[in-house]
Amino acid sequence: MNTPFEHIPDEIKESLFNKSQFRADLTISKTPIPAYKKCIKEATEKMSLLFKDGMDIEQLVYSRAWFIDQVLRLVWEHLNWNRGCPVALLAVGGYGRGELHPGSDIDILILLEEAHYEQHQTSIEEFLTLLWDIGLQVGSSVRSLKECAEQAASDLTIITNLMESRVISGPESLHIRLMDSIDTEHMWHSQRYLQAKFDEQRARHRKYNDTEYDLEPNLKGSPGGLRDLHMLGWVARRHYGTHDPAELLELGFLTTVEYQQLQKCRAFLWKIRWALHTLTGRSENRLLFDHQKALANEFGYHDHTGALAVEQFMQSYFRTAMIVSQLKDLLLQHFDDNILSAHSPQFVRTINDRFQICNNYIETVNDSVFAEYPPAILEMFVLMTRDQSILGPTAETIRLMRDYRHLVDRTFRKDPRCNKLFLELMRAPYALTATLRRLARYGILGRYLPEFGKIIGQMQYDLFHTLTVDAHTLLLIKYLRSFAYGKTSHEKSARFPIASRIIHRIPKPELLNIAALYHDIGKGRGGDHSQLGAVDAQQFCRTHGLNKDDTSLIVWLVQEHLTMSVTAQKKDLSDPQVIQDFARQVGTRDRLKYLYLLTVADINATNPGLWNGWRASLLQQLYNQTLQLLKRGIDKLPDLDEQIAETQEQAQQLLIDKGFAKKQINDLWHLFNEDYFQRHQSEEIVWQTEGILNHLSETPLILIPEVDEDYDNQGSCVFVYTPDRPNLFAAIVAAFHQLGLAIQDARIITSDNNFSLDTFRVLEEDGSAIGANPARIREIQHHLQNVLAAPDGFPNVIRRRTPRQLRHFSREPEVIISNQIDPSQTVLEITATDRPGLLTLIGKTFAELELQVQGAKIATFGEKVEDSFFISDRNMNPIEDEAMSRKICSELCDVLREASKLDAITS
């Protein structure tokens, strides 16, 4: 078998392995282990220097495999293998291809002619033991020729590893017989092998969320990674007898440009892998946040306005992965045509003068279509969204489009025919997301919309966004499309009930798709991405001839795409003024519908862990209250006294139905202020009042209503009724932390008889609700009662290990204090890096500063928390003293900084 070792310069080989020096070192010690270790150590250090000096990565990868060959051959030939049946040492898998990175698996096969293991058992054990003793991490198997054939016939991995095998030492004839026994004449004919590899690839890609753009990708397994390149080689070797891309070039499956791109991509991925293995000292293929900054620094990236060095490095990776995916799709389509479909009858159906469908794949009628009529490039994608039977373009059409995509230039972008086609695409009845992904992958979307081209592969180095900007954008559009299928999909309808209903009530869904395409397009440039994106969106509308009203809606949606989410999660939705201010920003019911749809899709596409019943209920509450106000008139706020009276009337009737006397109810409610009735729904008031009236003990009352399964992920309510005292909030928060519960919302009310009526919305640490779990409910009640029964005590702050990903993010804390929104209360806003127990530390600081908490909005966005607290001094007055305000901000910032420092030390 030909190996790439012949291209390694002799001086490199000599510098890595000096046989004379090695033999001299063997004479120094009674055991050969020190000589081997020294030899390996020196070669490893030499290769590290060569890498830093910029040696060609291909030669370096092959050089390491060549060096390991020398070591294994010497160890092997030191033993006596001539006493039994013929035996050979083979390299398999990646090592068999002659490719080894610093931490790569050294996979070997000890191949016997017959299964007479006992004849070589001692030698095999000595051989493998010495390899481990000298520090080589070897993956070994021992099989006979017959066993190899039997196992290869039923195992895709084994046949693939054996296909790439080569002899290190021993009779070549054994290897020839092995390759004959696993030939396509005996097993895994080309069609079966290709289909199996297709299935394997689909399963592997699903494991990595079917995207090249996961923010912690796997260099080998993720789409666009090295495994995709390996797959091309495996299929080519099985069918054509070669895995060399140069031979695919000769066979006509690759053009010269494509071959050069493939080689360049592989070299870039190999460089990253080599550096990653060196950095971690092991076979690490995951580009974790732990390593990305160090790699960006090693490859010479620097921070600049709008993009960190790590973001630029990762964008280079993602763009490389995208090119690999493009070329892989092209070649696999070729293989499909020439292997799987080679003998299938062709069914051709004409669409128009430019396109036809051949066996459900669209193709041009001749090679001059794009050259003679450039708008046909977009037309082809529009046609794919009009006919669900079209599976995609043929390989030749993909290549033709790639050859002519340079025609998508300024003239193309201003062509009214192209503009009309793109708008038609935005109105696509089918497969819009899949088509946009193809447009992006084939390099058309980034050319037609250069502003979109800038965000391709643009990562954001945080835990809030789990995808690159372009991948997030296309996923957002997919969510929007899924809402429209709500009537036919019970799952979608149940998860997004309002969205699935109102998507059918907006007049022009294509405007929502355009706004989605532009909502984050301004990222990576520095400045407010919403404003930058709005400028781009307005230019798009002007170029595409949209009317004034449609343009205004799209631009407004891009500008305000975060407004609804921020309002729902950070503001008090029981305050009519909050609803009125939001309604003024929205203006019309149609705009509210568009914005709600965009917001729900945006949250889901940003991070799958963000969407839960609690966030859904907040957005639903904001939507419904705003819709009612817009129907009634923005200036016609409901009379607060009337609203409270209506709530009380509904709750009172329900309580009377349960057997409570009207006087009994009113006597209790007389102690509650109007804030309680304004901030609680009638249903909540009922179960809380019922619990208080039935509570005859002097112990604190802890109520946790069981949550129905359908509402489980909204979180659970925990109601605490106990005599008020200083530091009560801090004690409860610490108790929740001890219980492993995360607070989502807090409503703190003090009655006229100085009892605290505190309602907390909590989730378990994994994001689930307590639900209908009686044992867990009793545990929480018992723990809270114990904490609150000791007024002078304070729960110990439990130090939990900070998750790996969080340890790599640290931001300077920001604390803002203000009385401007409502002079009767002080609003304290904290922005900081999330840490386990952070809210407990904040509560403890409030206690030390003698601050009382009236309410809290807890919002976590990836590694960042943005929490708002409504506070007062110990006499329940707002914080108006400037010196005290400064002291509060200063001490909170110090506490938050110390928490980050402690994380850095413990990590």
Side-chain angles (χ1 to χ4, degrees), residues 3 5 8 10-52 60-84 86-96 98-112 117-143 165-171 274 277-284:
T3 71
F5 301 159
I8 303 171
D10 290 340
E11 60 268 23
I12 295 295
K13 291 180 178 179
E14 181 66 24
S15 70
L16 295 179
F17 185 73
N18 186 322
K19 207 166 189 178
S20 300
Q21 181 62 51
F22 176 74
R23 284 174 176 161
D25 291 335
L26 282 175
T27 63
I28 298 175
S29 173
K30 294 180 180 179
T31 170
I33 292 175
Y36 277 109
K37 281 189 171 183
K38 177 188 174 188
C39 173
I40 293 169
K41 180 175 181 291
E42 289 177 348
T44 301
E45 291 173 350
K46 176 64 177 178
M47 284 184 277
S48 292
L49 288 173
L50 290 171
F51 179 73
K52 289 183 180 298
L60 196 55
V61 168
Y62 298 145
S63 293
R64 176 166 171 76
W66 174 86
F67 168 74
I68 295 298
D69 273 11
Q70 311 313 305
V71 174
L72 296 189
R73 190 175 291 119
L74 281 173
V75 175
W76 179 271
E77 292 173 355
H78 174 72
L79 300 166
N80 188 349
W81 301 95
N82 299 318
R83 294 177 181 172
V87 59
L89 175 64
L90 272 59
V92 296
Y95 180 35
E99 301 168 8
L100 271 187
H101 287 76
S104 294
D105 297 332
I106 303 171
D107 291 329
I108 58 173
L109 167 66
I110 297 174
L111 179 65
L112 289 80
Y117 302 111
E118 69 284 351
Q119 296 178 5
H120 296 294
Q121 183 174 350
T122 302
S123 293
I124 290 172
E125 289 175 354
E126 289 182 14
F127 175 70
L128 294 176
T129 300
L130 183 54
L131 294 184
W132 281 97
D133 287 345
I134 63 178
L136 293 183
Q137 306 295 313
V138 176
S140 61
S141 58
V142 183
R143 299 191 190 102
S165 61
R166 59 183 175 80
V167 177
I168 298 174
S169 188
W274 187 283
H277 284 193
T278 303
L279 177 68
T280 60
R282 62 180 185 275
S283 180
E284 176 63 84

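Contact of the Met47 side chain with the Pro102 side chain is not registered, since no non-hydrogen atoms from C-beta on lie closer than 4.5 Å. In this structure, the side chains of Lys19 and Leu74 come closer than 4.5 Å at one or more pairs of heavy atoms. Side-chain atoms of Phe127 and Val138, non-hydrogen and from C-beta on, never get closer than 4.5 Å to each other. Residues Gln137 and Asp105 fail the side-chain proximity criterion, which asks for heavy atoms closer than 4.5 Å. At least one side-chain heavy atom of Ile8 sits less than 4.5 Å from a side-chain heavy atom of Phe5. Looking only at side-chain heavy atoms (C-beta outward), Ile106 and Leu72 come within less than 4.5 Å of each other. Using a 4.5 Å heavy-atom cutoff, the side chains of Ile12 and Trp66 are not in contact.
Contact between Pro171 and Pro86 at its shortest, heavy atoms only, is CG-CB, 4.4 Å. Nearest heavy atoms, Ala65 versus Gly98: CB-O, 3.3 Å. Taking each heavy atom of Asp133 and Lys37 in turn, the nearest pair found is O-CE, 3.1 Å. Considering all non-hydrogen atoms of both residues, Val167 and Gly170 come closest at CG1-O, 3.7 Å.
With rounding to the nearest 0.5 angstrom, the CG atom of Leu100 is 11.0 Å from the CZ atom of Phe67. Glu284 CD to His277 NE2: the interatomic distance, rounded to the nearest 0.5 Å, is 7.5 Å. Going from atom CZ of Arg143 over to atom CG of Leu112 covers 12.0 Å, rounded to the nearest 0.5 Å. Note that the CG atom of Leu131 and the CD1 atom of Ile68 stand 9.5 Å from one another [nearest 0.5 Å]. Going from atom OG of Ser15 over to atom CG of Asp10 covers 11.0 Å, rounded to the nearest 0.5 Å. Between Asp25 atom CG and Glu42 atom CD the span is 7.0 Å, to the nearest 0.5 Å.
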Might you work through the side-chain contact (heavy atoms from CB on, under 4.5 Å) test for Ser63 and Leu16, ending with a clear yes or no?
CA-CA 8 Å; Ser63 293; Leu16 295 179; 3.8 Å; yes
With salt bridge (charged side-chain N to carboxylate O under 4.0 Å, His left out) as the test, would you mind laying out the steps for Lys41 and Glu45 before giving the verdict?
CA-CA 6 Å; Lys41 180 175 181 291; Glu45 291 173 350; 2.8 Å; yes
Start with the C-alpha distance between Leu60 and Trp274, add both sets of side-chain angles, then the distance that settles side-chain contact (heavy atoms from CB on, under 4.5 Å), and finish with yes or no.
CA-CA 9 Å; Leu60 196 55; Trp274 187 283; 3.6 Å; yes
Verify side-chain contact (heavy atoms from CB on, under 4.5 Å) between Ile108 and Leu128, making sure each step is shown before the conclusion.
CA-CA 10 Å; Ile108 58 173; Leu128 294 176; 4.2 Å; yes
For Tyr117 and Val142, run side-chain contact (heavy atoms from CB on, under 4.5 Å): C-alpha distance rounded to whole Å, both residues' side-chain angles, the deciding distance at 0.1 Å, then the answer.
CA-CA 8 Å; Tyr117 302 111; Val142 183; 3.6 Å; yes
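Distance alone, capped at 3.5 Å, is enough to place a donor-acceptor pair between the Trp81 side chain and the Trp76 backbone.
Applying the 6.0 Å contact sphere to NZ of Lys13 captures more than 12 heavy atoms from other residues, nucleotides or ligands.
Not counting sequence neighbours, Arg73 has no partner by the salt bridge (Lys or Arg N to Asp or Glu O under 4.0 Å) test.
In this structure, Arg166 satisfies the cation-pi test against Tyr95, with its NZ or CZ atom closer than 6.0 Å to the six-membered ring centre and inside 45 degrees of the ring normal.
Leu130 pairs with exactly one of Val75, Leu79, Thr31 by the side-chain contact (heavy atoms from CB on, under 4.5 Å) rule, that one being Val75.
Between Phe22 and Phe17, the ring planes are tilted. Angles from 30° to 60° get that label.
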